[in-house]
Amino acid sequence: MSNPDNAATTRPVCVFIHGSGDDASIWGALIACLPQYTNIALDLPGHGTLVDSPGPAEMSVSDYAAGVRAKLAQRGLHAVCLVGHSLGSAIALRLAVDAPELVGRLVLVGGGARLRVLPALLTEALADQAATKRQLAEMAFTDAHRDEAHAFYGRAAPIAPGMLYRDLAACDQFDMMSELDRVTQPTLVLTGAEDRLTPPKYASFLAAHIPHAKFALIPDAGHCVQLEAPQAVADAMRHWQGQARDRQ
Ligand code: COA
């Protein structure tokens, strides 16, 4: 009989980074579809389990990436498959370039090389975090999954005050448009065909400019594609990993 501990250590490790105002639970449905990996979903400072440890009032994508880098080092992890959503994809991209030994493969979900934010959203996030989070949720799901959006955000973990603004401001200042040729890792760029927050145009740009990138467009899903179509995302990841194994 195989020892489950051994199995866990020999399975590829996937580390997941959530997006603005979210927390690790946004990956639950997808992780349930990925039993072949050892899956670790992180909370960013001030989010989910780290609600009482928000850190400084301002943090850039590079600051968040430094925090993730420290967490990987603490756990002795390297060459992981780093999976990021939205702000999390920006953090993953930054880390892939700045600490390539830590990132073996990259999955960018609902991402972009630049993530400018509607000015009204930034203003509203400063004034009323909870209302802006609800508004973002409305924009992040397709109409067909409106009930799931409400259910998910109804039970979402709390975030510390000011976090949504801090996250959106980090996105707004993020720009790696001219650095994508420095990404050396095999990369899967994955986006919902109906994404309104990071339109498929952004994903196409990533896939066209990252040297070893594959592109998966998931139909009938928006920005929260990993919640709207978890099995389709898992299948795309499995197919992509399989292609890499076939080439070896
Ligand atoms: N990849 C490829 N192209 C991009 C890009 C990216 N990541 N980001 C911007 N561009 C393109 C734009 O589409 C635009 O192209 P165009 O001139 O052909 O229309 C051009 O680069 C200039 O874009 P930029 O000046 O950065 O932004 P903008 O003024 O076009 O739009 C917003 C700014 C905020 C209105 C827009 O980014 C938007 O609607 N964002 C989505 C909503 C949002 O707030 N999302 C939150 C993300 S976390």
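In each ligand, atom 1 is the first atom listed, and ligand 1 is the first ligand listed. Predicted model only: the values in this text are computed from it and were never measured.
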S.K.: As an exercise, identify every atom of ligand 1 less than 4.0 angstrom from a heavy atom of A113.
M.R.: 7 (N)
S.K.: Measuring to protein heavy atoms, does anything land under 4.0 Å from atom 18 (O) of ligand 1?
M.R.: yes
S.K.: Would you call the rings of Y64 and H47 parallel, tilted or perpendicular, where under 30° means parallel and over 60° means perpendicular?
M.R.: perpendicular
S.K.: Of the non-hydrogen atoms in L115 and A90, which two are nearest, and what is the gap between them?
M.R.: CD1-CB, 4.0 Å
S.K.: Quick check: S20 and ligand 1, any N/O pair under 3.5 Å apart?
M.R.: no
S.K.: For the atom pair CZ (F16) and CD1 (I31), what is the distance rounded to the nearest 0.5 Å?
M.R.: 4.5 Å
S.K.: Donor-acceptor pair, D195 side chain versus P200 backbone, under 3.5 Å?
M.R.: no
S.K.: Identify, for atom 13 (O) of ligand 1, the protein heavy atom at the shortest distance, and state residue, atom and that distance.
M.R.: K201 NZ, 2.7 Å
S.K.: Is any side-chain heavy atom of K214 less than 4.5 Å from a side-chain heavy atom of T187?
M.R.: no
S.K.: Hey, does the side chain of E101 reach the backbone of A79 with a donor-acceptor pair shorter than 3.5 angstrom?
M.R.: no
S.K.: Could you measure the distance from the CZ atom of R69 to the CG atom of D98? Nearest 0.5 Å is fine.
M.R.: 6.5 Å
S.K.: Looking only at protein heavy atoms, which one is nearest to atom 26 (O) of ligand 1, and what is the separation?
M.R.: R114 NE, 3.0 Å
S.K.: Just distances here: any N/O of R116 and N/O of ligand 1 closer than 3.5 Å?
M.R.: yes
S.K.: Closest non-hydrogen protein atom to atom 44 (O) of ligand 1, residue and atom name please, with distance?
M.R.: L118 N, 2.8 Å
S.K.: Checking a contact table here: which protein heavy atom is nearest atom 45 (N) of ligand 1, and how many Å away?
M.R.: L197 O, 3.1 Å
S.K.: Could you tell me whether L121 approaches ligand 1 through its side chain, its backbone, both or neither, with non-hydrogen atoms closer than 4.0 Å?
M.R.: side chain
S.K.: Determine the minimum heavy-atom distance between C14 and M237, stating which atoms define it.
M.R.: SG-CE, 4.3 Å
S.K.: Considering only the protein, which heavy-atom contact is closest to atom 3 (N) of ligand 1, and what is its distance?
M.R.: M177 CE, 3.9 Å
S.K.: Using a plain distance cutoff, I'd like to know if S86 has any nitrogen or oxygen under 3.5 Å from a nitrogen or oxygen of ligand 1.
M.R.: no
S.K.: Would you say CZ of R75 has more than 12 non-hydrogen atoms from neighbouring residues, nucleotides or ligands within 6.0 angstrom?
M.R.: no
S.K.: Between F205 and ligand 1, which part of the residue brings a heavy atom under 4.0 Å of the ligand: side chain, backbone, both or neither?
M.R.: side chain
S.K.: Looking at atom 28 (P) of ligand 1, would you say a protein heavy atom lies below 4.0 Å from it?
M.R.: no
S.K.: Looking at CE of M176 and CG of D181, how far apart are the two atoms once the value is rounded to the nearest 0.5 Å?
M.R.: 9.5 Å
S.K.: Around atom 4 (C) of ligand 1, find the nearest protein heavy atom and jot down its residue, atom name and distance.
M.R.: Y202 CE1, 3.7 Å
S.K.: With respect to atom 48 (S) of ligand 1, which of C171, S204, G19 exhibits the smallest heavy-atom separation?
M.R.: C171
